[in-house]
Structures are given as structure tokens and as C-alpha cells.
Novice: 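Here's a structure for you.
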Amino acid sequence: MLATIHRSGPHTRAALAERTGLTKTTVSSLVADLLEAGAVTETGAVRAGERGRPGVAVSLSGHRVAALGLEINIDYLAACVVDLTRTVRVRHIIPADNRNSDPAVILERLRGLAKEITAEAAAEGLRVIGAALAVPGLVEGGMLRSAPHLGWRDVRVADLVDVPLEIDNEANLAALGELWFGPRESDFLYVSGEIGIGAGLVVQGGVFRGTYGLAGELGHVVVVPDGPGCRCGGRGCLEVYAGQDALLGDLGSVTELVCVLESGDEAALEACRRAGHALGVALTSAVHLLDPGTIVLGGIFAPLFPWLSEPVSAGLETRLGQMRGAPPALAVSSTGSDAAVLGAAGLVIQQIIAEPAKLLGL
């Protein structure tokens with residue numbers, strides 16, 4: 001029933017009974033439980049039909065139940081608390097150099113950040129009942145199997161928070177963040193540009209993960225067969241040409257890069273042209289395999305979209321002209337660098353909506 005309210009908006013109890021096929025007595029009992037748990041609220045009198053007395057609308061409540069999203073990235077830690085209406089209530093980012101770091105040290109910092117932000121949410125009357133963590137690597141069975149850019153292997157995240165915790169790849173969660181917090185339809189290919197480059201394929205509102213969870217490793221698609229070596233052991237990978245390190249060069253941040261691009265710096269413009277060309281080559285292969293209707297550029301590609309979109313689009317048009325009437329629409333992410341941490345929190349919100357009895361203890 002909570003899913004019905006989430007999907008189609010506030011309804012009277014009579015309307016909920018009609019939509020769910022449950023009896024009015026059962027609906028009233030469930031609504032009472034959800035009210036007690038703080039998941040819904042009753043507001044205003046509305047008329048469910050042409051006849052009868054007005055009923056009271058039951059809608060999702062953003063006042064008591066919340067989810068915690070966490071992210072470990074190469075150069076920052078992030079956390080956010082999102083209420084049931086998907087409103088971000090608290091958000092923190094801590095810049096950090098996490099390359100080749102000690103997992104125990106980074107996880108302890110993240111534990112402190114989670115404790116701090118949960119306390120801030122509690123001060124606003126919110127109870128965090130679940131959490132999810134986005135990591136830049138391969139996740140299997142709740143364990144971070146490999147995160148090459150962090151220098152981590154086989155790291156189990158335990159005792160990070162005092163609520164149930166899930167862990168997932170950052171590109172997958174970023175794609176879901178774009179789906180749930182952006183203006184997206186239920187099918188698109190999300191490309192996450194960071195130091196590494198990942199992708200999340202959203203199909204009918206869910207992420208396609210592949211047999212072993214390896215789907216979306218776009219950064220290691222070969223764009224130049226005899227190109228420079230990549231840290232994965234291959235040569236000529238997309239990451240070598242369009243990853244954050246390749247784009248920034250000697251600059252310290254994407255913000256600095258945007259500034260020099262706006263000033264017309266030729267070296268910076270050439271780096272973007274080179275990255276856009278390589279990205280267009282890799283995405284051509286992705287389109288041949290997956291046939292997405294829209295490609296969304298996120299992560300560092302979002303602020304660089306004005307300089308990347310033309311070479312990417314040109315590459316797609318040149319290589320796909322004979323195969324389809326038009327290349328996929330190219331769009332900029334609306335969630336930017338927050339996509340993964342929002343997707344992490346959104347994952348918990350989806351679970352609450354799908355199984356309120358289990359997570360709310362009804």
C-alpha cells in the first residue's frame with residue numbers, strides 16, 4: 001500500500017482500498033500502523049468521488065523516517081540523509097586523498113561522518129532506519145572485492161553504522177540516483193566520469209548488473225589498441241584518455257579546469273576534445289551492444305559537458321549513421337557529483353516503500 005501512495009500520490013482510505021483490492025477495514029488498519037511508524041501523514045479533506053462525505057488524504061511523510069547514503073570516492077567522502085519524500089535533509093562532503101589508503105583509517109573517518117550526520121538528522125526529528133554505501137569498485141556478496149584506484153582488495157565493511165547497511169558500485173548507484181532524483185525516464189545509459197569511468201544501464205527502472213556484477217566497466221573499453229598502458233593491465237583504455245587524471249593534467253580540480261576552459265586555454269580545450277573523441281568511440285560500442293535511447297554524462301563529465309558534448313556527439317553520429325536513424329540523445333546529469341550518494345540513500349527509500357513491514361518493524 002505504501003508503494004501505491006508513493007507511485008500515484010495521496011489517496012483517501014476508500015481510494016486506497018479500491019486501488020489495492022484490500023478491504024476498507026484492512027486499509028484502515030495498515031494506515032494506522034504507517035501513521036504510528038511515521039511513514040505517512042493525513043492532510044486535508046478531499047472528495048474521493050462524486051458522492052459521499054469527503055475523506056482524508058493519506059500521503060508519504062517526510063517528518064520522521066529517513067535513509068542514510070554514504071560514498072567513498074577517490075578524493076572525498078560524502079554522506080546525506082534523505083527523508084521518505086526523497087528530500088535531502090542533511091548533506092556533508094569531506095575532501096580527502098583516498099588513493100592507496102588504509103581501509104581501516106578511511107572507514108573510521110566515514111564512521112565518524114555517518115555518526116555526525118545521523119545526529120543532525122535526529123535533531124530534526126528524523127530516524128535513520130537503513131543505509132547504503134557507494135564504492136568505486138567491484139562488490140560481491142557485500143564485500144568490496146577490488147577497488148584499484150583506492151588500492152583496496154577484499155575489504156568487508158562491518159560495524160559502519162547501527163542500522164542495516166548495503167554496499168554497491170558507485171556507477172550503479174549514481175545511475176539510480178539520476179533515475180530517482182533527476183528528470184529521467186526508466187531507460188538510459190548513465191556514464192560516471194571520475195578518476196575511473198563507470199557506467200550504469202537502467203532498464204525499466206532497474207540497473208542491469210550482469211552475471212558477476214561487472215556490467216558497466218566502460219573505462220576499460222579499448223579505444224586505441226596500441227595506446228598507453230592502463231592500470232588494469234591493458235592498453236589504450238578509455239580511462240587513459242578521458243579519466244579525471246587525463247583531463248586535469250597539472251590542474252588541481254575540475255573547477256580550475258572549467259575556469260581555464262572558459263578563458264580559452266588551448267591545452268585544456270585539446271584535452272577535452274581528445275577525451276570527447278575517445279568517449280565517442282567507446283560509447284559507439286556501447287550503443288551497438290545496448291541500444292540506449294539516452295546517454296547521460298555524469299560525474300566530472302557534467303560540468304565539462306559544454307566542451308565534451310560536441311566531440312562525443314560528432315563521434316556517435318559518424319560511427320552510427322549507417323546503423324540507426326539517429327544516435328542516442330546526449331544529456332547532462334542533473335544530479336552531478338551527488339548522484340552516487342543520492343542513489344545510495346534512494347536505494348534504502350525504495351526498500352522501505354517496497355517492504356515497510358520489514359524495515360519499519362510493523
Novice: Which pair of non-hydrogen atoms, one from Leu110 and one from Leu70, has the smallest distance, and what is that distance?
Specialist: CD1-CD2, 4.2 Å

Novice: With Ile129, which of Val65, Val163, Leu68 fulfils side-chain contact (heavy atoms from CB on, under 4.5 Å)?
Specialist: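 When Val65, Val163, Leu68 are each tested with Ile129, the side-chain contact (heavy atoms from CB on, under 4.5 Å) holds only for Val65.
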
Novice: Asp245: which residues meet the side chain to side chain donor-acceptor pair (under 3.5 Å) condition with it, sequence neighbours left out?
Specialist: Arg99

Novice: Do the side chain of Thr318 and the main chain of Ala314 share a donor and acceptor less than 3.5 angstrom apart?
Specialist: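 Yes.
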
Novice: Can you list the other members of the hydrophobic cluster that holds Val341, where links are side-chain heavy atoms under 4.5 angstrom apart?
Specialist: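 Grouped by the 4.5 Å side-chain rule, Val341 forms a cluster of one, so the answer is none.
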
Novice: For Asn98, run the side-chain contact (heavy atoms from CB on, under 4.5 Å) check against Asn73, Leu77, Val105 and tell me which one passes.
Specialist: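 Option passing the side-chain contact (heavy atoms from CB on, under 4.5 Å) with Asn98: Leu77.
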
Novice: Is a donor on one side and an acceptor on the other found under 3.5 Å between the side chain of Ser253 and the backbone of Glu256?
Specialist: yes

Novice: Main chain of Gln204, side chain of Asp187: is a donor-acceptor contact present, judged purely on distance under 3.5 Å?
Specialist: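 Here the side-chain-to-backbone pair exists.
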
Novice: Would you please say whether a donor-acceptor pair under 3.5 Å links the side chains of His149 and Glu194?
Specialist: no

Novice: Inspect the surroundings of CD in Glu18 and state if more than 12 heavy atoms from other residues, nucleotides or ligands are less than 6.0 Å away.
Specialist: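 No - once you tally the heavy atoms of other residues, nucleotides and ligands closer than 6.0 Å, there are 12 at most.
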
Novice: Is a side-chain N or O of Arg64 found less than 3.5 angstrom from the main chain of Glu36, in a donor-acceptor match?
Specialist: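 Yes; judged by distance alone, with no hydrogens or angles, the pair exists.
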
Novice: Answer yes or no: is there a donor N or O on one side and an acceptor on the other, between the side chain of Arg156 and the main chain of Met143, under 3.5 Å?
Specialist: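 Checked: no pair found.
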
Novice: Looking at Val223, Leu316, Val221, which one forms a side-chain contact (heavy atoms from CB on, under 4.5 Å) with Leu283?
Specialist: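 Passing option: Leu316.
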
Novice: Start with the C-alpha gap between Thr85 and Thr87, add the side-chain angles, then the distance that decides, and say whether side-chain hydrogen bond (donor to acceptor under 3.5 Å, both in side chains) holds.
Specialist: CA-CA 5 Å; Thr85 67; Thr87 300; 3.0 Å; yes

Novice: What's the separation between atom CD1 in Ile197 and atom CD in Glu239, rounded to the nearest 0.5 Å?
Specialist: 6.5 Å

Novice: Do other residues, nucleotides or ligands put more than 12 heavy atoms under 6.0 Å from Asp154 CG?
Specialist: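 Enclosed: over 12 neighbouring heavy atoms sit under 6.0 Å from CG of Asp154.
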
Novice: Between Ser29 and Thr26 (side chain of the first, backbone of the second, donor and acceptor by atom type, cut-off under 3.5 Å), is there such a pair?
Specialist: no

Novice: Answer yes or no: does atom NE2 of His92 have more than 12 heavy-atom neighbours from other residues, nucleotides or ligands under 6.0 Å?
Specialist: yes

Novice: Does the Arg319 side chain pair with the main chain of Gly315, one donor and one acceptor, at a distance under 3.5 Å?
Specialist: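 Yes; at least one donor-acceptor contact below 3.5 Å.
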
Novice: Side chain of Glu178, backbone of Ser334: donor and acceptor closer than 3.5 Å?
Specialist: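 Here the side-chain-to-backbone pair exists.
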
Novice: Please check if Tyr190 and Trp180 belong to a single hydrophobic cluster, counting links between Ile, Leu, Val, Met, Phe, Trp and Tyr side chain heavy atoms closer than 4.5 Å.
Specialist: yes

Novice: Using distance only, find each side-chain donor-acceptor pair of residues 166-176 under 3.5 Å and give its atom names and separation, not counting sequence neighbours.
Specialist:
from   : atom 1 : to     : atom 2 : distance (Å)
Glu166 : OE2    : Gln351 : NE2    : 2.4
Asp168 : OD1    : Arg209 : NH1    : 3.0
Asp168 : OD2    : Arg209 : NH1    : 2.7
Asp168 : OD2    : Arg209 : NH2    : 2.9
Asn169 : OD1    : Ala171 : N      : 2.9
Asn169 : OD1    : Asn172 : N      : 3.2
Asn169 : ND2    : Gly137 : O      : 3.0
Glu170 : OE1    : Ser192 : OG     : 3.2
Glu170 : OE2    : Ser192 : OG     : 3.4

Novice: Do other residues, nucleotides or ligands put more than 12 heavy atoms under 6.0 Å from Asp265 CG?
Specialist: yes

Novice: Could you go through Glu266 and Arg273, starting from their C-alpha distance and side-chain angles, then the distance that decides it, and tell me whether this counts as salt bridge (Lys or Arg N to Asp or Glu O under 4.0 Å)?
Specialist: CA-CA 10 Å; Glu266 187 53 41; Arg273 283 193 291 266; 2.3 Å; yes

Novice: Does Glu185 have more than 12 heavy atoms from other residues, nucleotides or ligands lying within 6.0 Å of its CD?
Specialist: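 No, CD of Glu185 has 12 or fewer neighbouring heavy atoms, counting only those of other groups under 6.0 Å.
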
